[in-house]
Amino acid sequence: MIRTITSFFGTGFLPIAPGSWGSLAAVIVAVGIYALGGFLALLAATVVVFGVGLWATGLLTDGMADPDLSEIVIDEVVGQWIALFPLAGGLWWLGSTLTILPWPGLIFGFIFFRLFDILKPYPCNVLDKMKTPFGVMADDVMAGVYAAIVTGASGALAHGLAG
């Protein structure tokens with residue numbers, strides 16, 4: 001059960017770039033959550049999955065010197081969902097009746113999140129070096145925040161809302 005959670009239903013065990021597979025799975029699940037309950041459901045799911053992910057990562061990695069195992073992708077799920085907040089939240093704020101998240105925002109949210117998760121700009125790099133379950137989760141939360149900022153700004157520019 002714990003490995004099912006931390007690997008996000010096994011996506012963390014896929015070969016080559018498990019973090020990218022976890023992020024891709026997170027986008028697909030985010031589309032479903034949004035379709036069922038909108039932005040508030042995605043927000044609630046993110047908070048719940050962060051808590052469950054922190055707990056499960058702690059159990060799985062108890063006593064390990066470096067708990068950031070490549071199979072653990074629940075942190076990518078949380079970060080990826082945060083990266084999609086401007087898209088889902090923007091539609092909610094505008095009172096949109098769309099039940100599907102538009103694909104350009106999904107693609108750019110995915111790309112920006114993966115970029116920040118891989119590059120680990122400050123403070124992602126500091127959080128990553130904590131070598132604790134919280135650090136495992138928190139560096140991806142911060143990467144998600146950075147990706148959300150860039151995704152939101154890109155959407156605003158694309159739709160003529162900036163400037």
In short, ring-ring contact (aromatic ring centres under 6.0 Å, His included) pairs touching residues 34-77 with sequence neighbours left out are F39-F85, F39-W92
For residues 10-22, the salt bridge (Lys or Arg N to Asp or Glu O under 4.0 Å) pairs (sequence neighbours left out) are none
Residue pairs meeting ring-ring contact (aromatic ring centres under 6.0 Å, His included), one or both in residues 135-158, sequence neighbours left out, come to F116-Y146
The reported gap from CD1 in I111 to CZ in F108 (rounded to nearest 0.5 angstrom) is 6.0 Å
- Taking T11 for its side chain and F8 for its backbone only, find out whether a donor-acceptor pair lies under 3.5 Å. yes
dist T57:OG1 -> L69:CG (nearest 0.5 Å) comes out at 8.5 Å
When rounded to the nearest 0.5 Å, the distance separating CD1 of I2 from CG of L59 is 4.5 Å
Review point. Can L106 and L87 be said to form a side chain to side chain contact (heavy atoms under 4.5 Å, CB included), step by step?
Key: CA-CA 8 Å; L106 294 172; L87 180 61; 4.0 Å; yes
The reported gap from CD1 in I100 to CG in L91 (rounded to nearest 0.5 angstrom) is 11.0 Å
So does A26 get a backbone contact from the side chain of W81, meaning a donor-acceptor N/O pair under 3.5 Å? yes
Distance col, row S23:OG vs D117:CG, nearest 0.5 angstrom, shows 6.5 Å
**Asked** Would you say the side-chain atoms of T132 pair up with the backbone N or O of G135, donor to acceptor, closer than 3.5 Å?
**Response** yes
In short, P86 meets A148 closest at the heavy-atom pair CG-O, 3.1 Å
Here the salt bridge (Lys or Arg N to Asp or Glu O under 4.0 Å) pairs for residues 57-68, sequence neighbours left out, are D66-K131
Cluster link Y122 to M137, ILVMFWY, side chain under 4.5 Å: no
task = Apply the test side chain to side chain contact (heavy atoms under 4.5 Å, CB included) to residues D140 and L127: give CA-CA distance (whole Å), side-chain angles for both, the deciding distance (0.1 Å), then the verdict.
result = CA-CA 9 Å; D140 288 85; L127 294 166; over 6 Å; no
Apart from L115 itself, members of its ILVMFWY cluster (side-chain separation under 4.5 Å) are L119
V47, V49: one ILVMFWY side-chain cluster at the under-4.5 Å cut-off?
-> no
Hits for side-chain hydrogen bond (donor to acceptor under 3.5 Å, both in side chains) against D139, two or more places apart or cross-chain, chain-then-number order -> K120
The reported gap from CD in E76 to CG in L24 (rounded to nearest 0.5 angstrom) is 12.5 Å
